[in-house]
There are 2 protein chains.
Amino acid sequence: MRRLLIVVAVACLSVPACAGDARTAAALRDRALGDPTAWNVLESLTTEIGPRPAGSPAAQRARDWGLAKLRALGFINVHAEAFPHPSWARGDESAEVTAPFPQKLSVIGLGGSVPTPPNGIEANIVVLKKYADLLAHPGAFKGKIIVVDQPMSRTKDIAGYAEAVVARYGASEAAKRGAVAYLVRSISTGDTREPHTGSGKFGADAPRIPAAALGVPDADLLAHMAARGPVRVRLKLASFVRPNSMAWNVSGEIVGSAKPSEVIVIGGHLDSWDPGTGAIDDGAGVAITTAAAHLIAGLPRHPRRTIRVVMWGSEETGGSSDAYLAAHKNEAPKIVVMGESDLGSDRAYALELPPGALRRPALRPLSKLLAPLGIAVSRQAPKEAGSDVEGLQGAGVPVFALNQDATRYFDIHHSADDTLAEVDRAQLNQNVAAWAVLLYLVADSDVNFRTKPAK
Amino acid sequence: MRRLLIVVAVACLSVPACAGDARTAAALRDRALGDPTAWNVLESLTTEIGPRPAGSPAAQRARDWGLAKLRALGFINVHAEAFPHPSWARGDESAEVTAPFPQKLSVIGLGGSVPTPPNGIEANIVVLKKYADLLAHPGAFKGKIIVVDQPMSRTKDIAGYAEAVVARYGASEAAKRGAVAYLVRSISTGDTREPHTGSGKFGADAPRIPAAALGVPDADLLAHMAARGPVRVRLKLASFVRPNSMAWNVSGEIVGSAKPSEVIVIGGHLDSWDPGTGAIDDGAGVAITTAAAHLIAGLPRHPRRTIRVVMWGSEETGGSSDAYLAAHKNEAPKIVVMGESDLGSDRAYALELPPGALRRPALRPLSKLLAPLGIAVSRQAPKEAGSDVEGLQGAGVPVFALNQDATRYFDIHHSADDTLAEVDRAQLNQNVAAWAVLLYLVADSDVNFRTKPAK
């Protein structure tokens with residue numbers, strides 16, 4: 001591979017407008033590791049905006065922040081694409097054991113939950129150790145509050161989350177079986193008492209009952225109590241929906257020097273859940289992709305193709321992907337490839353590219369360039385490339401995924417602990433370095449991921 | 001040392017009422033490592049009672065729990081010693097940045113704080129990086145909310161805490177300089193957003209202003225904001241005092257077989273702060289000392305002296321030590337030695353005994369017996385033996401300290417994260433083993449720590 005690298009570099013020295021050379025990519029990579037941009041963007045977003053659920057007043061401030069930040073960093077064609085987004089909002093929330101062992105519980109409503117009556121719902125609980133135990137029961141929970149105390153497995157990828165998160169969607173199944181409220185152990189690998197929110201799912205075929213997540217120790221506490229006999233819990237959730245609110249996909253470009261209409265679309269999502277400051281989900285993704293593009297913009301010559309950074313406006317409660325698809329359907333054939341950074345700020349360890357990508361001459365240096373970052377280039381096509389690229393992915397746009405180490409991510413995700421304090425600057429910049437290398441090589445090439453590469 | 005061990009064991013085989021033998025101590029130690037009692041006591045206390053600030057209704061339930069638990073475990077002379085304890089109680093609390101970057105803050109009132117007016121106090125903040133910066137200022141903070149953002153050092157012993165905690169006592173110093181409220185970065189080594197409470201100090205020589213602890217990331221957030229310009233914060237604290245409340249030291253004994261009036265007094269404190277379930281502070285101390293004494297009670301013959309377990313009723317807000325001194329002053333000369341377990345549930349690493357203790361023949365096996373537990377017997381006399389033994393210590397009662405590894409303790413201490421989820425069962429039992437060994441050897445001896453040992 002060393003020999004190949006030299007060949008590419010030498011070839012480029014003699015052809016000014018040739019495909020992105022490995023030497024420049026390596027220099028970008030090394031510069032990224034010490035570049036302050038990602039950290040500064042993330043510090044700015046968490047400090048000046050903080051939590052920013054789609055449809056909230058803070059989300060509008062985040063839109064303005066995004067526009068200003070992209071302009072300040074030299075992006076052009078900076079604009080916001082609006083779309084309607086009826087938004088769910090949280091009010092006061094509390095839960096407590098009322099008998100036989102009165103204690104307060106740590107709880108957070110799930111996105112989309114209906115409120116309880118103002119005085120709450122008080123009922124006996126049924127604690128189920130596994131979500132499957134709920135599905136297995138035909139209908140024996142009339143008048144009960146269901147508590148699902150199913151732990152989540154810690155995995156490096158999102159397998160543990162994918163397996164566990166179904167329990168967060170169980171309110172309708174509980175309602176079909178007569179339950180009056182649904183409490184789920186936080187979908188988390190942590191053991192702190194901060195509960196982890198996230199969207200619930202509420203089917204049209206079941207009564208809508210209030211649903212919330214318990215702190216991990218709180219779910220265990222209820223299990224310990226229930227082992228002793230009947231336990232009564234009171235749950236209060238206030239929530240409301242802003243019916244006419246809007247969301248925005250904020251976008252800016254590093255315009256290509258040769259083929260500006262060919263676009264690589266990357267980004268993170270600007271919206272966040274409300275308990276934390278949205279640092280790892282997904283301020284980090286916004287910061288990483290913005291910083292990578294900004295670093296490339298600092299080259300003496302822009303790459304041949306355009307790099308577009310999109311700060312998607314409604315990932316957590318859905319909508320930005322469909323809105324982006326609707327607005328960019330006609331452009332789809334010119335979108336070279338898309339990718340989203342949305343798994344926190346810890347290091348990337350694997351890059352998954354469209355099929356056959358490594359046989360493209362322009363991308364052959366990738367493995368060698370990413371190896372010093374501890375990133376392997378996988379031969380597998382990406383399974384998950386991010387919720388916000390799914391719309392255009394479905395319309396045939398190729399995607400890639402730079403997989404990050406999620407071992408620690410779900411300790412923090414969707415909880416109040418999602419703050420800048422959890423971000424490791426070196427790992428954040430390792431992501432920037434990887435994105436910069438990949439973006440530069442693709443943007444300065446003519447690779448067409450829609451055609452079959454040479455054998 | 002192996003030779004010594006054999007000598008002691010052989011000697012005891014031939015003298016039925018001899019000093020506690022090392023072989024029995026070793027057997028107790030090994031049994032302790034697999035004994036379920038400490039875990040069961042701790043699980044019971046955190047599940048059935050949970051948070052139990054002195055003077056609260058939960059503290060009264062904890063008293064009854066303690067009496068019932070000691071009786072169920074076979075202790076005798078089980079009783080509660082009441083003392084008056086005007087108690088401070090928390091109401092609703094909140095804080096938020098109102099301008100220029102509106103965000104909610106994570107905050108918890110300090111014990112003893114006056115409430116704010118119902119609508120809160122809103123003022124510009126002054127962020128000080130060190131508590132010393134407050135003391136160095138003569139009086140320039142009129143109308144301001146002081147924010148002290150001083151980090152705490154992580155240490156294995158309590159040195160880091162001792163150094164940092166003075167900042168929690170700074171409200172009066174801020175008030176003297178014209179401040180209208182006082183916010184201190186949680187005295188914590190953690191980085192989660194749960195704030196850590198604890199008692200404040202409010203001098204008679206200064207106006208009483210509301211005081212609260214910020215989550216660690218929240219204190220940093222305010223520092224980041226303040227670096228940009230003026231920041232306005234609104235603080236709301238509701239608190240009240242129950243003037244006529246009571247507290248109780250709950251006590252039970254394993255009565256000595258030869259000299260029952262000679263007493264070794266040990267225990268943990270039964271009261272806790274309110275945000276967590278009081279698992280590591282100090283359910284663990286209650287559980288460890290109760291389990292160690294219970295294990296010894298299971299021997300075919302009780303040790304010569306009495307072992308008394310006291311669950312002190314008001315450590316966090318003070319009072320149990322003085323009450324215990326007042327009630328047991330006359331008994332003081334018969335109290336052989338006292339010790340308290342009050343540094344969580346993580347492993348012990350050093351035993352500090354009254355001066356000259358290792359020259360007592362009965363205690364010579366200690367080093368050898370504790371070595372397999374990773375515990376060194378220090379030649380230093382104890383500096384800190386626990387707040388609840390200070391009264392009698394001042395009256396001349398010898399004390400010992402079994403120092404625990406506090407590296408992780410202050411991540412959790414006084415916060416909502418103080419739950420059973422943070423307790424490692426193996427480390428909890430390592431403490432039980434160490435306490436059992438020490439207690440047995442002292443209780444089955446005639447060691448008098450008040451006389452000079454032989455050279």
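Below, chain A is the first sequence line, B the second, and so on; all start at residue 1.
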With a 4.5 angstrom heavy-atom cut-off, could you sort out which part of B:Ile49 is near chain A: side chain, backbone, both or neither? backbone
Heavy-atom count around A:Asp92 CG within 6.0 Å, excluding the residue itself: above 12? no
Heavy-atom distances under 4.5 Å only: say whether A:Pro102 touches chain B with side chain, backbone, both or neither. both
Portion of B:Gln103 that has a non-hydrogen atom of chain A nearer than 4.5 angstrom: side chain
Select one option (side chain, backbone, both, neither) describing which atoms of B:Pro57 are under 4.5 Å from chain A's heavy atoms. neither
Separation between OG1 of B:Thr277 and NE2 of A:His224, rounded to the nearest 0.5 Å: 10.0 Å
Let me see the working for A:Thr47 and B:Leu221 under side-chain contact (heavy atoms from CB on, under 4.5 Å), right down to the final yes or no. CA-CA 6 Å; A:Thr47 302; B:Leu221 183 66; 4.3 Å; yes
Taking heavy atoms only and a threshold strictly under 4.5 Å, list by residue number the residues of residues 186-196 of chain B that touch chain A; give 'none' if the list is empty. B:Asp191, B:Thr192, B:Arg193, B:Glu194
Checking side-chain contact (heavy atoms from CB on, under 4.5 Å) for the pair A:Glu48/B:Arg228: CA distance, chi angles, key distance, verdict? CA-CA 10 Å; A:Glu48 296 163 26; B:Arg228 288 162 163 84; 2.7 Å; yes
Interatomic spacing from CG in A:Asp220 to OG1 in B:Thr419 - rounded to 0.5 Å: 8.5 Å
Side chain, backbone, both or neither: which part of B:Ser94 has a heavy atom under 4.5 Å from chain A? neither
Pick from B:Leu420, B:Val216, B:Thr46: which one has the most heavy-atom pairs with chain A under 4.5 Å? B:Thr46
